[in-house]
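Written out below as structure tokens is the structure these notes cover.
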Amino acid sequence: MKKIAFTLLLLSATACVPAQNLLVLNADLGHDTISRNIYGHFAEHLGRCIYGGFYVGENNTKIPNRAGVRTDIIEALRKLKVANLRWPGGCFADTYHWKDGIGPKDKRPSMKNVWWGGVTEDNSFGTHDFLNMCEAIGAEPYLAGNVGSGTVQELIDWVNYTNQESGNPMADLRKTNGRDKPWRVRMWGVGNEVWGCGGNMRPEYYANIYRQYATFMTNWGNTNKIFRVASGANGDDYNWTEVLLRDIPHQMIEGVAVHHYSVIDWSKKGPATNFSEEQYFKTMQSALRMEEIVTRHATVMDKYDPAKKIAMVVDEWGGWYDVEPGTNPAFLFQQNTMRDAMIAGATLNTFHNHCDRVRVANIAQCVNVLQSVVLTEGEKMILTPTYHVMEMYNVHQDALMLPVNLKTGDYTFGAQKLPAISASASRDKTGKVHISLVNIDPNHPQEVAISLRGLTAKTAKGRILTSEKVQDYNAFDQPEKIKPLDFKGFTFSGDTLKVTLPPVSVVVLEL
Ligand code: AHR
């Protein structure tokens, strides 16, 4: 009965709800493109992300695989249109020595994964495995270099190994290892979180180190231009960005990173599924801070780089909760609910609306860790609500961002409030306009009156992701509880489109 009532709510525009939210879509004011690279993901040697996640081994006869990588994951990520994939960390990156992960697998040395549980890393998944996997997925690779415990030579060798055609000892070594043509890796991180696990550096010190590394990380006359990303700020550390932009010559930096996770409290993160409304509210409060963080880092960048040549690269973001009960605390394995769908929808809207500066982003991590899009258990694989949001939203990739003005009502919890609605819009290359709307309010539907400026539209179609409760998730025994459905909760009235968003819902409209 409950289910029927819920379905009816989805299918009908609830006429009795007042239009608390007004959105002006400026279809004639598009200027900047939403880079597909905002839809990047992150594969770290952490818990069951690589081993027991992406990679199940070439000799696995139970789980279909291509060179050891699960074919069901490859197919799911191809459909998702994963734009780029960052690897091998995270904190792991600054302990990783890439030469341990090439050549015959039985000859590769093992190491201890010191950041993530002290487990043995046997290096069976290395550079060839990762770059060939990216080719299979259709994602651009983004390699995070080891600055914390590596050397300049080690990183130059990696650049040459992956990028030089010939005439270089590293190109020769690659050929010996069975890959004739270089992969031509464009995106390179120069360390990760060097303010913390990447070396505990001060920004002034790192700016000098960065200059040294970046000097030698060049294309050396090859056709592919390298895109170097400086290890960036921890959340709201605006001084970090200021020092890097001030002290690094701009011809040697293409991107500067920022990391921000949606966390209630680092010492009391709360459960991933059975959370209270208070915990939900606080998570969304942290998630919506991305707007301020991006805006203020952009302001600093504008001061030094008004032409916006340097990209902001939010190469770690997402919800972070307690691990699932009974799982290894160092593996950071968490389920993924409609709360994560809210984080994904609202954060991607922020990135779209700041696409003049935010040109790369990577949600952490792709498989079996934090805000993952795919979870696996033995032979089973499920798609999370976050997967579905990113799939619904991929229509915005490489589309012209259309600015929106939003006057939103509130989601109130006790005496506190948050904006209930988040929105963004774009026009793709075929002329279709897409509007993404999120209603984070778990208790009330929200009506949005969209004024279509500079656009004549009489028909639309839509997709929705929602569920009865914000705590709902896809489980291995109920993998399709949450999935996108057709959405018809809108009506046209002259130049205004009236949309009714059910509680906790993500909607993408196509005009
Ligand atoms: O995503 C988990 C960890 O969070 C990453 O390894 C690190 O970069 C960040 O602190």
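Order of listing sets the numbers, starting from 1, for every ligand and every atom in it. Values below: every heavy atom of this structure, side chains too, minus hydrogens, waters and symmetry copies. Just so we're clear, the structure is a prediction, and the values are computed from it rather than from any experiment.
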Legend entry - Interfacing atoms of ligand 1 (cut-off 4.0 Å, heavy-atom, L370):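 Selected atoms, number and element: 1 (O).
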Legend entry - Where ligand 1 meets E193 - atom numbers and elements under 4.0 angstrom, heavy-atom basis: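 That gives atoms 7 (C), 8 (O), 9 (C), 10 (O) of ligand 1.
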Legend entry - Separation of SG atoms, C49 and C366, below 2.5 Å: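 No, because the SG atoms of C49 and C366 are not under 2.5 Å apart, which misses the disulfide cut-off.
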Legend entry - Distance-only N or O hit between ligand 1 and C91, under 3.5 Å: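 By distance alone, the answer is yes.
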Inset, instruction - Among residues two or more places apart or on two chains, list those pairs meeting side chain to side chain donor-acceptor pair (under 3.5 Å) that have a residue in residues 245-255. - result: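 For residues 245-255, and leaving out neighbouring residues, the side chain to side chain donor-acceptor pair (under 3.5 Å) pairs sorted by first residue read R228-E254.
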Inset, instruction - Could you tell me if any non-hydrogen atom of W116 lies under 4.0 Å from any atom of ligand 1? - result: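 Per 4.0 Å heavy-atom rule, W116 contacts ligand 1.
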Legend entry - Nearest protein heavy atom with distance in Å, relative to atom 8 (O) of ligand 1: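 That would be E316 OE2, 2.7 Å.
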Inset, instruction - Could you check atom 2 (C) of ligand 1 against the protein and tell me its nearest heavy-atom contact, residue, atom and distance included? - result: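 Nearest protein contact, heavy atoms only, for atom 2 (C) of ligand 1 is Q365 NE2, 3.4 Å.
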Legend entry - With C355 via disulfide bond (SG atoms under 2.5 Å apart) - residues at least two apart: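 Residues passing disulfide bond (SG atoms under 2.5 Å apart) with C355: none at all.
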Legend entry - From CA spacing to verdict: side chain to side chain contact (heavy atoms under 4.5 Å, CB included), I363, T386: CA-CA 10 Å; I363 186 168; T386 302; 3.7 Å; yes
Under a 4.0 Å heavy-atom limit, does [X] contact ligand 1 with its side chain, its backbone, both, or neither?
X	value
W320	side chain
W115	neither
N192	side chain

Inset, instruction - Specify whether H396 and Y393 have parallel, tilted or perpendicular ring planes, treating 30° as the upper limit for parallel and 60° as the lower limit for perpendicular. - result: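 H396 and Y393: perpendicular rings.
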Legend entry - Test side-chain hydrogen bond (donor to acceptor under 3.5 Å, both in side chains) applied to T127 and W87, W183, W158, the passing residue: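 Between T127 and the candidates, side-chain hydrogen bond (donor to acceptor under 3.5 Å, both in side chains) is satisfied uniquely by W158.
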Inset, instruction - Report yes if some heavy atom in the side chain of H41 is under 4.5 Å from a heavy atom in the side chain of R86; otherwise report no. - result: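 With C-beta onward as the side chain, the pair stays apart.
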